[in-house]
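Presented below is the structure to which this report refers.
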There are 2 protein chains.
Amino acid sequence: MAPSADDIRKTVTKYLEAVAKGTVDDVLALFANGAMIEDPVGTDPRTTTASIREFYAVVEPLEQSAELVTLRIAGNEAAFQFSLVTHLGKQSMELSPIDVMTFDDEGKILTMRAFWSQEDMITR
Amino acid sequence: MAPSADDIRKTVTKYLEAVAKGTVDDVLALFANGAMIEDPVGTDPRTTTASIREFYAVVEPLEQSAELVTLRIAGNEAAFQFSLVTHLGKQSMELSPIDVMTFDDEGKILTMRAFWSQEDMITR
């Protein structure tokens, strides 16, 4: 049975919390086995747990806050814009990508593709 | 050669203008041969010119205005949120989907997938 819109909304919310404030394990717990991430879109997809772990390990130690801007759910997929602010001492860097995810029957993430480019980064 | 970010931005801008104010031919001129649309995501994709024409013919006679909210370009793809307002006499209906498009080397649309559901429609 396909995941409900509510299942998808919960996973997206948990994902943003985990990326900003949680551990790599918190993030990985939201993914299905055999998941794929492509961040940003156009780069080589990561298809193994080790390579996905490596990707999120980079952001784990950063002081970050995340906020969901817009979420659109359709079928067993979602597209959402969010703002991710990284606090670096007195400076902060903001990126607000649009992510597209597909989900399995339990609402776990099968694929994550992030749409953004360098020019979308804002340093304050 | 891959389309530039500028090529992609131009096509997205023309697409919104054509959907809101143009003819079906204006819309179809932005698509590559062999294009596919899936609107909303989760419904059967339309893969023939005739079926794509049929889809846009429904909105052609409507009085509409469109506005780009957020555009994220990555590789030869783009994700963007836009607001589409349909004016129906004294009432108006607003929908702001997130669309994901892929583009060919000339910046023409190869695929369009629209993320939205009934609950995202706002009637005023």
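Here is the naming used below: chain letters follow the sequence lines, and residue numbers restart at 1 for every chain.
Donor-acceptor pairing under 3.5 Å is lacking for the side chains of E67(A) and S83(A).
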| request: Test E38(A) against R46(A) for salt bridge (Lys or Arg N to Asp or Glu O under 4.0 Å), laying out the working first. | output: CA-CA 6 Å; E38(A) 184 183 346; R46(A) 291 169 184 257; over 6 Å; no

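Of the listed residues (S117(B), A79(B), G75(B)), the one with the most heavy-atom contacts under 4.5 Å to chain A is A79(B). Note on A2(A), A114(A), P40(A), S96(A): by heavy-atom pairs under 4.5 Å with chain B, the leading option is S96(A).
Proximity of a side-chain donor or acceptor of K21(A) to a complementary backbone N or O of S65(A) within less than 3.5 Å is not detected.
With a 4.5 angstrom heavy-atom cutoff, I73(A) touches chain B only via backbone atoms. Proximity to chain B (any heavy atom under 4.5 Å) is shown, for A5(A), by neither the backbone nor the side chain. With a 4.5 angstrom heavy-atom cutoff, T43(A) does not touch chain B via any of its atoms.
With contacts defined as side-chain heavy-atom distances shorter than 4.5 Å, the pair R124(A)/E94(A) qualifies.
Taking CD of E106(A) as the start and OG1 of T11(A) as the end, the distance is 10.0 Å to the nearest 0.5 Å.
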